[in-house]
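No hydrogens, no waters, no symmetry mates; every other heavy atom, side chains included, goes into these values. Here the structure is a predicted model, which is why all the values come from computation and not from measurement. The first residue of the sequence shown is numbered 1, and numbering continues consecutively from there.
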Amino acid sequence: MKAIKRYALVLVSGVLLLLFYYGGLHMNYGSIRIPPLSRRSLRSFVNSDDINYDYDVHIAPSQRRDSRNNLYKNSKCRMETCFDFSLCKKGFKVYVYQSSSKVSQSYNNILTSIRESRYYTNNPKEACLFVLSLDTLDRDVLSPGYIQELEYKITSLPYWNNGRNHVIFNLYSGTWPDYFEEFGFNLGYAIMAKASFTKKNFRTGFDISLPLFPKDHPQKRGAPGEMAGNNFPLTGKYFMVFKGKRYLTGIGSDTRNALHHVHNGKDIILLTTCKHGKNWKKLMDSRCNSDNAEFEKYDYQALLHNSTFCLVPRGRRLGSFRFLEALQAACIPVLLSNGWELPFSEVIDWDRATIEGDERLLLQVPSITRSITNERILALRQQSQFLWETYFSSLEKIISTTFEIIKDRINREKARHLLVWNTPPGALAIDPKYSTDLSTYPFFKIALSMPLSAKFTAVILATSPIYSSAAPIIKLIKSINQSTNVAQVIVLWHVEHPLPPKTRWPTTYFPLTVVEGGTKVGSTALASI
């Protein structure tokens, strides 16, 4: 009997629970619709850096974030927020700190180029920009040129002001094994002019990305481009070449270690050697001996000047000396350096001079480059020569380009159009003080689809005095006088001797103007014509 009661009690309790659950639920929440769970409502634990491949693929996302946070404490710097425009109201002048500190030859050449330029002032009260006399080019702690306690030395400078309006030049940052972009001092609000810049750390519109140049890069009057002629179609001995180091371990080793898969020994010659560094024999792999032997068979300069394309893979850092070498040789650079902010990318359209590949898609590079038409190959080579000779052939031009970019940011109403930067004669030859209207310059009429004049203006640079009617410049003017399509002739007198009298000049049917500029005639004299 007691068992029956227990079973009945359990049954009744169960029924009541069911009634309470279903009835109570509908009674209290029946009018509320519970939406289905959406993926968008879930919090994502994936950082955008982890799935963005437009950066250095050899560095872990967490390392990229830590590097950026440690290095660029003012990572949101822009000209409007970290630059004092009021210092530039008197003009665009650059002051170099006075110092007796020892600097490298490369940095000394940079400082010399600035001091000999039209931007320089020895009066800090006139300065718009400030440049350190402390050598910041090499910030690899393992380098013999690394300067200790640079933080203290920089912050002790009288006009530092937390880096505002300062430009810091750097070629090498970080060290083994990861080569993070570290400098060993706080940049503050300073503009970073740096080689091997990563897109992640580059502050667009504020920093300047520089090319990596060698120690013996000319300070001025660099060598011209080496394109022998506009042969069409191009018939070079090789299609694509590379010759350089192969890293057996560490960052940058993956890309160069894979080059042998593309090398065919015929028209694609990609050579690497393990024979560098002190411990290469301890680290050598099964391919080292054969690679080293193949490496010695070819002359680098012969490869460079007899190929259509030059592979430019990353090294330990994103930038490479091969980049400028290929530009000068009119060997179209094929870039394999994911996440590299290309030099002067703010103003130069590199799609017109280079091919940008992907390190992860190396095997596709041959088919991609072979699909490029002969017409585009010629255009790429011509543009590479223009860019080399205009902006990269000497330190003087690299420094001038750096300052002209900053100058255009400051005077935005007179900033040069990208067409000016990417079309001969280039931005360094155009003075916005003369005109900001591109139609006033004859160089851009074709690009602007403007009608061309039937007559031309001849500009002659005179570098030797006139002693007789047989002088070369006199003969040249007489020859020009035989043409019926001359509008005028302008002579830039770049001679230490005084101008000859008018009776010594030949009679012409067109106006003959002589501009006396002393021993330094440049774009300023041209702009005044």
Side-chain angles (χ1 to χ4, degrees), residues 55-56 58-59 63-64 66-68 70-72 101-111 113 131-151 153-154 163 166-187 190-203 207-217 219 244-247 249-253 255-256 276-278 312-325 335-345 392 395 398-399 402:
Y55 305 117
D56 186 350
H58 300 278
I59 297 179
Q63 293 174 323
R64 287 200 299 267
D66 293 342
S67 174
R68 183 174 176 84
N70 294 334
L71 173 61
Y72 294 100
S101 300
K102 184 180 180 180
V103 299
S104 63
Q105 184 61 49
S106 295
Y107 198 61
N108 182 66
N109 289 341
I110 289 177
L111 298 182
S113 296
V131 174
L132 307 181
S133 57
L134 298 167
D135 193 341
T136 56
L137 282 189
D138 193 343
R139 298 305 296 160
D140 186 336
V141 294
L142 298 179
S143 171
Y146 183 83
I147 299 177
Q148 302 288 342
E149 300 179 352
L150 195 57
E151 174 91 32
K153 295 176 182 178
I154 289 178
H166 283 65
V167 180
I168 296 177
F169 291 93
N170 175 261
L171 295 183
Y172 307 100
S173 61
T175 190
W176 171 269
D178 299 311
Y179 293 90
F180 293 149
E181 292 180 287
E182 298 175 349
F183 305 108
F185 63 92
N186 183 12
L187 299 177
I191 296 172
M192 200 69 206
K194 180 185 178 304
S196 301
F197 237 131
T198 63
K199 292 181 179 180
K200 181 66 176 178
N201 287 338
F202 182 75
R203 296 171 292 182
D207 292 324
I208 303 286
S209 182
L210 296 179
L212 183 63
F213 54 84
K215 295 179 180 179
D216 59 352
H217 200 62
Q219 182 186 335
K245 298 176 181 178
R246 178 161 72 88
Y247 304 108
T249 59
I251 190 169
S253 59
T255 303
R256 297 196 180 193
H276 58 89
K278 297 179 180 179
V312 184
R314 63 160 298 156
R316 291 301 192 191
R317 299 173 179 88
L318 295 178
S320 168
F321 293 131
R322 301 292 183 276
F323 183 67
L324 289 188
E325 292 170 351
L335 310 177
L336 288 177
S337 187
N338 291 25
W340 182 24
E341 187 71 28
L342 295 180
F344 305 138
S345 55
F392 299 103
L395 275 178
I398 292 174
I399 297 303
T402 300

Worked check of side chain to side chain contact (heavy atoms under 4.5 Å, CB included) between Leu132 and His166 | CA-CA 8 Å; Leu132 307 181; His166 283 65; 4.0 Å; yes
Could you go through the side chain to side chain donor-acceptor pair (under 3.5 Å) check for Arg139 and Tyr172 one step at a time?
-> CA-CA 6 Å; Arg139 298 305 296 160; Tyr172 307 100; over 6 Å; no
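- A cation-pi arrangement is not found for Lys199 relative to Phe202, the charged atom failing to lie both closer than 6.0 Å to the ring centre and inside a 45° cone about the ring normal.
- No side-chain heavy atom of Asn201 sits under 4.5 Å from any side-chain heavy atom of Met192.
- Counting only heavy atoms from C-beta outward, the side chains of Ser106 and Lys215 approach each other to under 4.5 Å.
- Considering only heavy atoms from C-beta on, Leu111 comes within 4.5 Å of Tyr107 through its side chain.
- Considering only heavy atoms from C-beta on, Asp207 comes within 4.5 Å of Phe197 through its side chain.
- Residues Phe344 and Phe392 place their aromatic rings such that the two centres sit under 6.0 Å apart.
- Aromatic pair Trp340/Phe323: centroids less than 6.0 angstrom apart.
- Across every non-hydrogen atom of Arg314 and Ser337, the tightest pair is CB-OG, 3.6 Å.
- Applying the side-chain contact (heavy atoms from CB on, under 4.5 Å) rule to Asn109 yields the partners Gln105, Gln219, Leu395; only residues at least two apart in sequence or on another chain are considered.
- Under the 4.0 Å criterion applied to side-chain N and carboxylate O atoms, Arg317 and Asp140 are assigned as salt-bridge partners.
- No donor-acceptor contact under 3.5 angstrom links the side chains of Thr136 and Asn170, judged on distance only.
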